[in-house]
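Working notes, structure below.
What you see below is based on every heavy atom in this structure, not just the backbone, and it leaves out hydrogens, waters and symmetry mates. We name chains A, B, ... by the order of the sequence lines, and we start the count at 1 in each one.
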Amino acid sequence: MRLSQLFGKTQRQPPAEAETASHRLLVQAGMVAQLAAGIYSYLPLAWKVLRKIEEIVRQEMDAAGAQEVHLPSLHPLEIWQASGRHQTMKDVLFHLQDKRGREFVLGPTHEEVITDLFRRYVRSYRDLPLMLYQIQTKYRDEPRPRAGLIRLREFIMKDLYSFDADWEGLDRSYTTMVHAYENVFRRCGVPAVAVLADAGAMGGKDTHEFMFLTEVGEDSCLFCQACGYAANAEVALFRKTPTHADEPPLPLEEVATPGVTTIPQLAQFLGIPTSRTCKAVFYMADGRPVLVAIRGDMEVNETKLKRALRALDIHYMSEEEVLRAGFVAGSASAVGLQGATIVADDLIPQERNLVAGANRPDYHLLNVNYGRDWEAQIVADIALAAHGHPCPQCGEPLQLKRGIELGQVFKLGTFYSEKMGATFLDRQGQMRPAIMGCYGIGIDRLLAAVVEANHDQDGIIWPRELAPYPVHLVAIAIDKEEIRQTSEELYCRLMAHGIEPLYDDREESPGVKLKDADLLGMPLRLTISPRTLQQGAVELKPRSSPQARHVPLEEAIKAVTEA
RNA sequence: CGGGGUGUAGCUCAGCCUGGUAGAGCACCUGGUUUGGGGCCAGGAGGCCGCCGGUUCAAAUCCGGCCACCCCGACCA
C-alpha cells in the first residue's frame with residue numbers, strides 16, 4: 001500500500017479531547033474518526049486491525065466448537081418484553097418505529113434473539129451442547145461514552161451463547177470459553193486477567209470479567225497476591241472482623257456534638273477511631289427511601305446494596321430527597337427511625353457500643369447496640385472492599401488496581417430459556433429448559449486495549465499478528481531518481497514474496513516520514529536513503545527496539561522474513 | 001441524570017475582560033530549495049466565530065435560552 005494513496009492522514013498535533021493513549025494515537029494516526037459521542041468511523045488502517053482481531057476471535061471460537069451465525073440488529077420490542085429486559089435495560093435501549101408504528105429496538109446484545117432461534121430449531125438433548133456466536137455491531141445508549149473506543153454507543157461485539165442439557169455441561173462450556181478467551185487476549189498482545197464479577201441485568205449466577213489492568217481503566221478490581229483471589233470491586237468480599245465484639249453492652253447515652261456532621265469530625269470530636277462509629281448513608285431504591293448502616297471506616301458498595309434490596313435502580317439521595325424522607329443529615333441513624341427501609345452491613349450486629357446519630361442536629365448517641373436499640377429489615381454484606389482490606393480467602397492485604405473490561409463470561413442458567421420457552425426433551429423424554437451461558441468480547445475496545453498495551457511516546461507498536469502491514473518501507477529523498485527506482489523495486493519484490501509493505505512514497509522530508517512511521521507502528525521499518533544506497537543496503541529496524549542495522553539490498557527479503 | 005469544562009479555518013489555539021477590518025502555527029494548493037527525526041523561501045485557497053433570540057448605530061466579543069463535545073460520578077463489551 002502506498003502511503004501517498006492511503007485514506008487517512010496523520011496529524012501533527014494530538015487531538016485536544018483525547019486523554020488516553022489509545023484515543024490520542026488512533027486519532028492522531030488517522031485511523032479512527034469521531035462522528036458523535038461514542039460513535040466512530042474506522043479508517044483503512046484501523047479497519048484492517050479490527051478484521052485481524054476478528055479473525056483471531058473466529059479461529060478461537062471455531063476451535064472451541066462454536067458455529068458462527070449472524071443475527072439481526074433490529075429487534076421487535078415484544079421479544080424484549082418477553083424477557084423483561086425492556087425494563088431492566090431500558091436506559092441503554094435505542095428505540096425506533098417502522099412506518100406502521102411497530103416498535104423496534106436496536107440490539108444491545110442478543111440473548112433474546114438467540115433464545116428464540118434455539119426454541120425454533122432445537123427439540124432434543126441430542127442437539128446439545130450447542131455454541132453459536134456472531135461478530136456484530138451493538139447499540140447501547142450509554143449514559144456516558146468515554147475515552148475514544150473504550151466505551152462506545154455503537155460498538156462491535158463478539159457474542160457467543162452456549163446451550164447445555166445440564167449444569168455440568170454448562171460448567172464445561174464455560175471452562176472452554178475461559179480458555180478460548182485467554183488465547184484471544186494472549187494472541188492480541190494484551191495481558192488480561194479473569195476476575196469475579198457481577199451479573200447485573202444479564203441474570204444468572206457465576207460470571208467473570210477479563211480485565212486488562214491499566215490506570216486508564218474504568219473498573220476497580222481487588223487482587224490477593226498470596227492466594228490469587230481476584231474480583232471486581234463491585235462484588236469483592238473481604239474479611240471483616242469486629243473490633244470490640246466481647247465488650248458488654250453499655251447504656252445508651254446522648255451527647256451534644258455541636259457542628260459535627262461527618263464521621264471524621266465525629267471521631268475526632270470524641271477521640272475514637274472511625275471504626276467505632278456507625279455511619280448512615282441514604283439511598284433511593286426504586287423510589288423508596290433507604291437508610292444504610294455501615295461501620296464508619298467503610299464505604300457502601302452500591303452493587304451489593306442493590307442486590308440486597310433486589311432493586312432495579314438505586315441512587316444516592318439528593319438533598320431534596322433527604323428532606324422529603326425526613327432524615328437528619330449529619331446526625332442520622334437507624335435508632336428510632338420510621339418510614340424507611342433499613343439495611344445494615346453484616347458486620348454491624350457483631351459490634352458493640354458504636355457511636356451513631358441521634359436523629360436530631362448536633363447530637364449523637366453513644367453505646368448503640370444492634371438488636372437492643374434498633375434492627376434492620378435487611379442484614380447483608382454491603383461493604384466496599386478497599387486497598388489493604390484482608391483477603392476473604394487468606395487474610396492477606398488486597399491490592400486495588402484499575403482495569404478495562406475486555407470481555408465477560410456468564411453462566412445464565414435458565415433465566416432466558418424459562419421465560420421464553422427454550423426447551424428440549426431429555427433422554428427420559430422430559431421437557432427441560434436449556435442451560436445457557438453467554439460470552440462477550442468488545443472488539444473495538446480490545447483494539448483500544450491493544451494500543452494501550454503496545455505503544456511508546458512516539459506512537460503505536462502493533463503486535464505482529466495484528467499489524468495492518470508487516471513492514472513500513474520508507475524512501476528518503478524519493479525525488480532522487482536512484483532512490484525512487486530502488487524503493488520501487490524493493491516494494492515490488494516484497495509484494496512478489498507475499499509481504500505487502502506500507503510504502504511511504506510521498507515527497508516529504510525525512511523527519512516527517514520517520515515520525516509517521518513511528519506513529520503508525522508497523523512492526524518493521526525498512527529505510528532507503530542516499531546514505532544506505534551508497535552501501536547498496538537498506539536499513540532494517542524493528543519498531544519495538546532502537547537497534548537498526550543495514551542489510552544488503554539483495555538480502556532484504558530474507559532479512560524481513562527472518563526478523 | 002448530578003457536578004465541572006470547552007465550542008473561532010481540516011487540526012492545535014489566540015482574539016472576547018474594554019463591542020467597530022477575523023488572526024497565528026500546522027495541514028492543503030503553486031513554484032523553488034533541502035534530504036536521517038515534523039527543514040527553509042515566495043505566492044495562494046480556505047470561516048453562518050455551535051444554534052436561536054435579545055441589547056446596541058454596530059456583537060466572535062455583552063445578556064438569555066438551547067445544542068454539541070470533553071472530563072468526574074451513578075451503568076456496561
Side-chain angles (χ1 to χ4, degrees), chain A residues 9-20 23 27-28 30 33-39 88-92 108-109 135-160 181 197-202 209-212 218-219 232 234 283-284 300 302-303 305-306 312-321 404-410 438-449 458 474-480 483 507-519 525 527-533 539 541 548:
Chain A
K9 217 168 157 40
T10 58
Q11 287 163 2
R12 186 170 302 203
Q13 305 270 148
E17 71 277 8
E19 305 227 336
T20 56
H23 189 193
V27 173
Q28 200 180 345
Q34 186 185 43
L35 178 64
I39 302 175
T88 53
M89 286 186 75
K90 73 169 184 298
D91 288 347
V92 300
T109 175
I135 296 175
Q136 191 208 36
T137 303
K138 305 290 195 233
Y139 302 88
R140 295 187 189 177
D141 198 359
E142 290 289 340
R144 190 159 94 81
R146 215 192 127 249
L149 305 186
I150 303 285
R151 188 192 294 176
L152 296 165
R153 294 194 296 167
E154 172 173 333
F155 63 100
I156 304 168
M157 180 160 99
K158 184 286 300 178
D159 45 324
L160 185 147
Y181 274 36
D198 178 57
M202 297 301 289
E209 288 166 340
F210 284 82
M211 291 284 176
F212 163 55
E218 43 188 359
D219 289 275
N232 192 307
E234 293 175 346
Y283 283 91
M284 293 300 285
V300 174
E302 297 189 0
T303 303
L305 176 63
K306 189 168 164 182
L312 290 178
D313 173 66
I314 66 167
H315 65 264
Y316 204 75
M317 266 194 191
S318 67
E319 279 180 36
E320 195 184 314
E321 286 166 333
I404 298 172
E405 180 194 343
L406 300 174
Q408 188 164 8
V409 292
F410 296 88
C438 76
Y439 315 84
I441 292 178
I443 302 289
D444 11 33
R445 183 180 284 181
L446 179 51
L447 168 67
D458 296 317
V474 179
I476 283 171
I478 197 168
D479 52 349
K480 293 206 184 337
I483 296 282
E507 296 194 2
E508 291 284 354
S509 69
V512 170
K513 294 192 167 199
L514 296 173
K515 286 283 186 190
D516 276 351
D518 286 345
L519 179 59
R525 189 181 81 193
T527 310
I528 293 179
S529 70
R531 199 198 279 176
T532 66
L533 203 54
E539 182 201 75
K541 178 187 168 299

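At distances below 3.5 Å, not a single donor-acceptor pair connects side-chain atoms of A/Tyr181 with backbone N or O atoms of A/Val409. Side chain of A/Gln28 to backbone of A/Arg12: a donor-acceptor contact under 3.5 angstrom is found. A donor-acceptor pair under 3.5 Å is absent between the side-chain atoms of A/Arg140 and the main chain of A/Arg153, judged by distance alone. The backbone N or O of A/Gly38 sits nowhere less than 3.5 Å from a side-chain atom of A/Arg151 that would complete a donor-acceptor pair. No donor-acceptor pair closer than 3.5 Å links the side chain of A/Tyr139 to the backbone N or O of A/Val92. The backbone N or O of A/Ala475 lies less than 3.5 Å from a partner atom in the side chain of A/Lys513, making a donor-acceptor pair. Side-chain N or O atoms of A/Lys306 include none that pairs as donor or acceptor with a backbone N or O of A/His315 at under 3.5 Å. A donor-acceptor contact shorter than 3.5 Å links the side chain of A/Gln408 to the backbone of A/Asp198.
When each of A/Ile443 and A/Arg153 is assigned the nucleotide of RNA chain B with its nearest heavy atom, A/Arg153 is the one assigned upstream, toward the 5' end. Of the two residues contacting RNA chain B, namely A/Gly148 and A/Met157, the nearest-nucleotide position lying further toward the 5' end is that of A/Gly148.
As judged by a 4.0 angstrom heavy-atom cut-off over every strand, A/Gln408 is placed among residues touching the sugar-phosphate backbone only. Among the protein residues, A/Ala18 comes within range of no part of the nucleic acid, since none of its heavy atoms lies under 4.0 Å from any strand. Contacts of A/Ala147 with the nucleic acid, taken as non-hydrogen atoms under 4.0 Å apart, involve only primed sugar atoms and P, OP1 or OP2. Using a 4.0 Å heavy-atom criterion, one finds that A/Ile156 contacts no nucleic acid atom at all. Across all strands, A/Pro14 comes closer than 4.0 Å only to sugar-phosphate atoms, never to a base (heavy-atom distances). The residue A/Asp444 sits apart from the nucleic acid: no heavy atom pair falls under 4.0 Å.
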Contact state string [nucleotides 31-45 of chain B, B base, S sugar-phosphate only, - no protein heavy atom under 4.0 Å]: ---BBBBBS------

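When Watson-Crick and G-U wobble pairs are counted only if both distances are under 3.5 Å, B/C28 pairs with B/G44. For B/U33, the paired base is B/G39 (Watson-Crick or G-U wobble, both distances below 3.5 Å). In this structure, B/A59 forms no base pair with any nucleotide, since neither Watson-Crick nor G-U wobble geometry is met with both distances under 3.5 Å. Judged by Watson-Crick or G-U wobble contacts below 3.5 Å, the nucleotide B/A68 has B/U6 as its partner. Base-pair partner of B/C76: not found among the strands shown (Watson-Crick or G-U wobble, both distances under 3.5 Å). For B/C49, there is no paired nucleotide, since no Watson-Crick or G-U wobble pair has both relevant distances below 3.5 Å. In a base pair of the Watson-Crick type (N1 to N3 plus N6-O4 or O6-N4) or a G-U wobble (N1-O2 and O6-N3), with each distance short of 3.5 Å, B/G23 is matched with B/C13.
In this structure, CG of A/Asn232 is placed 12 Å from P of B/A74, rounded to the nearest angstrom. For the pair A/Asp91 CG and B/C1 C1', the interatomic distance rounds to 9 Å; values are reported in whole Å. Atom CE of A/Met211 and atom C1' of B/C76 are 10 Å apart (whole Å). Distance, A/Glu302 CD to B/A74 P: 7 Å, rounded to whole Å. Residue A/Gln13 contributes atom CD, which lies 14 Å from atom P of B/C28 at whole-angstrom precision. Atom CD in A/Glu507 sits about 13 Å away from atom P in B/C28, given to the nearest Å. Rounding to whole angstrom units, CZ of residue A/Arg445 and P of B/C76 are separated by 12 Å. In this structure, CZ of A/Arg144 is placed 11 Å from C1' of B/A74, rounded to the nearest angstrom.
More than 90° away from 0 lies the glycosidic angle of B/U56, which makes this nucleotide anti.
Taking atom C1' in both B/G19 and B/A60, the straight-line distance is 10 Å, to the nearest Å. Going from the C1' atom of B/G5 to that of B/C48 covers 25 Å, rounded to whole Å. Here the separation of B/G4 from B/G65, taken at their P atoms, is 15 Å to the nearest Å. Of the P atoms belonging to B/G37 and B/G46, the separation is 36 Å, rounded to the nearest Å. Going from the P atom of B/C62 to that of B/C16 covers 9 Å, rounded to whole Å. Between B/U18 and B/G54, the distance separating the two P atoms is 24 Å to the nearest Å. Across B/C71 and B/U33, the matching C1' atoms stand 46 Å from one another, rounded to whole Å. B/G47 and B/G7 have their C1' atoms separated by 14 Å, given to the nearest Å.
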Candidate pair A/Ile476 and A/Ile483, rule side-chain contact (heavy atoms from CB on, under 4.5 Å), full reasoning: CA-CA 8 Å; A/Ile476 283 171; A/Ile483 296 282; over 6 Å; no

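Distances shorter than 4.0 Å separate none of the side-chain N or O atoms of A/Lys9 from OP1 or OP2 on B/C11. The phosphate of B/C75 has neither OP1 nor OP2 within less than 4.0 Å of any side-chain N or O from A/Arg151. OP1 or OP2 of B/C72 lies within a sub-4.0 Å distance of a side-chain N or O belonging to A/Arg146.
In this structure, of B/A77, B/A74, B/U12, it is B/A74 that holds the atom nearest to the side chain of A/Pro143. Which of B/G73, B/U12, B/A77 sits closest to the side chain of A/Glu17 comes down to B/U12.
Remark: ring of A/Tyr316 not stacked against base of B/A74; the cut-offs of centroid gap under 5.5 Å and plane tilt under 30° are not jointly satisfied.
The closest side-chain donor-acceptor pair between A/Gln136 and A/Lys138 falls under 3.5 angstrom. When only modelled atom types and interatomic distance are considered, A/Glu302 and A/Tyr316 share no side-chain donor-acceptor pair under 3.5 Å.
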